[in-house]
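What follows is one structure encoded as structure tokens, with my remarks underneath.
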Amino acid sequence: MLKSVPSARDNGEKMIKGSYDVIVAGAGPGGSSVAKTVAEMGYSVLLLEKRQEIGSPKRCGEGLTMKTIDILGDIPKNCITRRIKGATVFAPNGNHVLIDYGEEGGYIIERKMFDKWLAMRASRSGATVVAHSEVTDVLKDGEKIVGIKATIGGEEEREIKAKVVVAADGVESTVSRKAGLDTTNQLVNIDSGYQYEMSNLKLENSKRIFLYFGNEIAPRGYLWIFPKGDDVANVGIGTGLTGRSAKYYLDKFIEENPGIFGQASIIEANSGAIPVGGFLENMVLDGFMVVGDAAHQVNPIHGGGLKEATLAGEIAASVIDKAIKKNDVSEKVLSEYSKIWWKERGSKLKKVEKLRQVMEKLSDDDFNMVSESLTGDVAIGLTRGGKMLSLAKILMKKPALVKLARHLI
Ligand SMILES: Cc1cc2nc3c(=O)[nH]c(=O)nc-3n(C[C@H](O)[C@H](O)[C@H](O)COP(=O)(O)OP(=O)(O)OC[C@H]3O[C@@H](n4cnc5c(N)ncnc54)[C@H](O)[C@@H]3O)c2cc1C
């Protein structure tokens, strides 16, 4: 008699044990970072991803700095599309500042490959990774989180125990809310992102990124062209709360720049929210932690979150290690994660958030004035939470901006 062949779904179900040291919800860069680091320490880890394909569809401009690569180690060639050596930053009047990254800069990656590679690294370190598996709820013993409910491979909901549950489920983080940790961000701290991957573009230089500022171009945010090839790029925009959608502003810019986009085609369209501030003081509960976009760990000026999610994942993993060794995963012990994150990342990002608050008050004329004095070094420093005094000095040239400038000092 023929033996019945197990379906892929059965395999997904059978891969799963009844309990783990750590369960991570969401296989983005944050979730894979926690899972890999904790698995390397020898703990049993389950990393669940609700999407059928990890990394797809992307919701990202795919810009990755060299600094992030230093943290991640060598990235496989198939995750990289372009090496980026500089940026051209446009003021509303077309004035531009050239930034030369020198040996730094970064890459435009392919998130569909990159996120899969990160998840594969986690699995090679010993984590069990399962796509098409959604964390639907958490299990509680009183106030303590002791596991999750999940639909593995889209099958019936089941319960799985864990010493620590980590929510790395992105900006909408439903898992945190189910756990009782309020991660709701204020609307003022959320940008709307919209992006096309376009081909047959006429790019002036495909080794530079192009950033466009201005209240008519991208209110409160900026518009970007991130080249992925000689004539291919992610063309996207992040905007704050306005009467119009991010897509409206992106389409308008494309329409108004036929020299670049006249013959171009759209090969992919994505949208997504970007937390640009509203960092959480507390990111843990008994048996529970939150990392990455779910914890608003994003740079408030450029909206980059890949580095932040990776670093936060590593910090969370180091604290999980200590807590499990102590046999105490209480909020008190896990709160060391919030403390370390604030010391190492939060304090810098808070300064960048202040800068964002100042920039959103600038008129187009102010932007134009700033662009005349801004150097590449200062622009780079500002995105990292430094050089605030340099910008304050530029703003102070205009008496009406003195009060605003003081906000930076
Ligand atoms: C338009 C746009 C452009 C951007 N461009 C850049 C850029 O160029 N460079 C940069 O550094 N950053 C960029 N970002 C930000 C970057 O994409 C995020 O900061 C980064 O992906 C955060 O990683 P994460 O792991 O925290 O969350 P995510 O990458 O969002 O991963 C969360 C994962 O959790 C899964 N999930 C959700 N709920 C569940 C559940 N209940 N159970 C299981 N799985 C679940 C999701 O499917 C997802 O795969 C951009 C964002 C947007 C929206």
Side-chain angles (χ1 to χ4, degrees), residues 23-35 46-65 67-69 72 84 106-109 111-112 114-116 118-119 129-138 148-152 165-179 183 190-197 209 211 221-226 228 234-239 246-247 250 268-276 290-300 302-313 316 383:
I23 294 178
V24 184
S32 287
S33 169
V34 184
L46 178 63
L47 172 60
L48 296 179
E49 167 54 49
K50 76 173 176 188
R51 293 193 262 181
Q52 295 191 355
E53 187 178 358
I54 290 174
S56 180
K58 72 178 181 212
R59 288 195 291 187
C60 189
E62 306 184 298
L64 191 72
T65 59
K67 286 223 172 332
T68 318
I69 289 159
L72 287 167
I84 296 298
Y107 292 110
I108 306 303
I109 54 168
R111 282 282 303 259
K112 286 165 199 166
F114 178 75
D115 283 27
K116 278 196 190 114
L118 294 176
V129 184
V130 195
H132 193 201
S133 298
E134 180 170 0
V135 175
T136 49
D137 208 342
V138 295
I148 55 150
K149 289 183 183 174
T151 53
I152 307 298
V165 172
V166 180
D169 51 341
V171 65
E172 292 103 3
S173 192
T174 51
V175 177
S176 295
R177 248 167 285 142
K178 300 237 163 163
T183 57
I190 300 175
D191 272 4
S192 300
Y194 202 89
Q195 181 177 267
Y196 298 125
E197 185 168 330
I209 55 170
L211 310 174
Y222 68 99
L223 189 145
W224 63 82
I225 300 178
F226 285 3
K228 295 182 80 174
N234 287 325
V235 183
I237 192 169
T239 63
K247 181 178 182 296
L250 182 60
E268 189 173 328
N270 337 97
S271 62
I274 311 165
V276 287
V290 55
V291 304
D293 273 19
H296 319 160
Q297 293 161 335
V298 171
N299 183 303
H302 54 60
L306 295 172
K307 174 174 139 194
E308 300 307 333
T310 305
L311 285 174
T383 62

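Order of appearance sets the numbers: ligands from 1, and atoms from 1 within every ligand. Values below: every heavy atom of this structure, side chains too, minus hydrogens, waters and symmetry copies.
Close contacts between ligand 1 and F226 involve ligand atoms 8 (O) [criterion: under 4.0 Å to a heavy atom]. Listed by number with element, the atoms of ligand 1 under 4.0 Å from a non-hydrogen atom of G305 are 10 (C), 11 (O), 12 (N), 15 (C), 19 (O). Close approach of ligand 1 to G272 (heavy-atom distance below 4.0 Å) involves ligand atoms 53 (C). Residue L48 approaches ligand 1 through these ligand atoms, each under 4.0 Å from one of its heavy atoms: 43 (C), 44 (N). Less than 4.0 angstrom separates some heavy atom of G292 from each of these atoms of ligand 1: 26 (O). Each of the atoms 24 (P), 25 (O) of ligand 1 lies under 4.0 Å from some heavy atom of G30. Here is the list of ligand 1 atoms found below 4.0 Å of a heavy atom in R111: 16 (C), 17 (O), 21 (O), 29 (O). The G303 neighbourhood of ligand 1 comprises atoms 12 (N), 13 (C), 14 (N), 15 (C), with distances under 4.0 Å to a heavy atom of that residue.
At least one N or O atom of R51, backbone or side chain, sits closer than 3.5 Å to an N or O atom of ligand 1.
Ranking the protein heavy atoms by distance from atom 3 (C) of ligand 1 puts G61 N, 3.2 Å first. Atom 41 (N) of ligand 1 has its closest protein heavy atom at V135 O, 2.9 Å. What sits closest to atom 9 (N) of ligand 1 on the protein, heavy atoms only, is G63 O, 2.9 Å. Looking at atom 6 (C) of ligand 1, its nearest protein heavy atom turns out to be C60 SG, 3.3 Å. Ranking the protein heavy atoms by distance from atom 47 (O) of ligand 1 puts E49 OE2, 2.6 Å first. Annotation: atom 38 (N) of ligand 1 to nearest protein heavy atom, D169 CB, 3.4 Å. What sits closest to atom 19 (O) of ligand 1 on the protein, heavy atoms only, is D293 OD1, 2.6 Å. The protein heavy-atom contact nearest to atom 31 (O) of ligand 1 is G28 CA, 3.5 Å.
Side chains of T151 and E134 form a contact here, defined as non-hydrogen atoms less than 4.5 Å apart. You'll find the side chain of I209 reaches within 4.5 Å of the side chain of I108, heavy atoms only.
Considering every non-hydrogen atom in both D115 and P29, the closest pair reads OD2-CD, 3.9 Å.
In this structure a side-chain-to-backbone donor-acceptor pair under 3.5 Å is missing from D293 to G305. Formation of a donor-acceptor pair under 3.5 Å by the S173 side chain with backbone atoms of D169 is not found in this model. Between the side chain of S33 and the backbone N or O of G31, no donor-acceptor pair lies under 3.5 Å. Side chain of E49 to backbone of A27: a donor-acceptor contact under 3.5 angstrom is found. Side-chain atoms of D137 do not come within 3.5 Å of backbone N or O of K149 as any donor-acceptor pair. At distances below 3.5 Å, not a single donor-acceptor pair connects side-chain atoms of H302 with backbone N or O atoms of Y222.
Residue contacts with ligand 1, taken as heavy atom pairs separated by less than 4.0 Å, involve K50 via backbone and side-chain atoms alike. For A150, no heavy-atom contact with ligand 1 is shorter than 4.0 Å. At a heavy-atom distance under 4.0 Å, only backbone atoms of E62 (N, CA, C or O) approach ligand 1. Within the 4.0 Å heavy-atom criterion, the part of I274 lying near ligand 1 is the side chain and not the backbone. Contact annotation for S133 and ligand 1: only backbone heavy atoms (N, CA, C, O) come within less than 4.0 Å of the ligand.
Of the candidates K112, Q195, R111, K228, E62 forms a side chain to side chain donor-acceptor pair (under 3.5 Å) with just one, namely K228.
Atom CD of Q52 is surrounded by 12 or fewer heavy atoms from other residues, nucleotides or ligands within 6.0 Å.
A salt bridge links E172 with R59; the closest basic N to acidic carboxylate O contact falls under 4.0 Å. Under 4.0 Å is where a charged nitrogen must lie from a carboxylate oxygen, and between E53 and R51 no such pair does.
Ring geometry, W224 versus F226: the interplanar angle falls from 30° to 60°, so the pair is classed tilted.
In this structure, R59 counts as a contact residue of ligand 1, since one of its heavy atoms falls inside 4.0 Å of the ligand.
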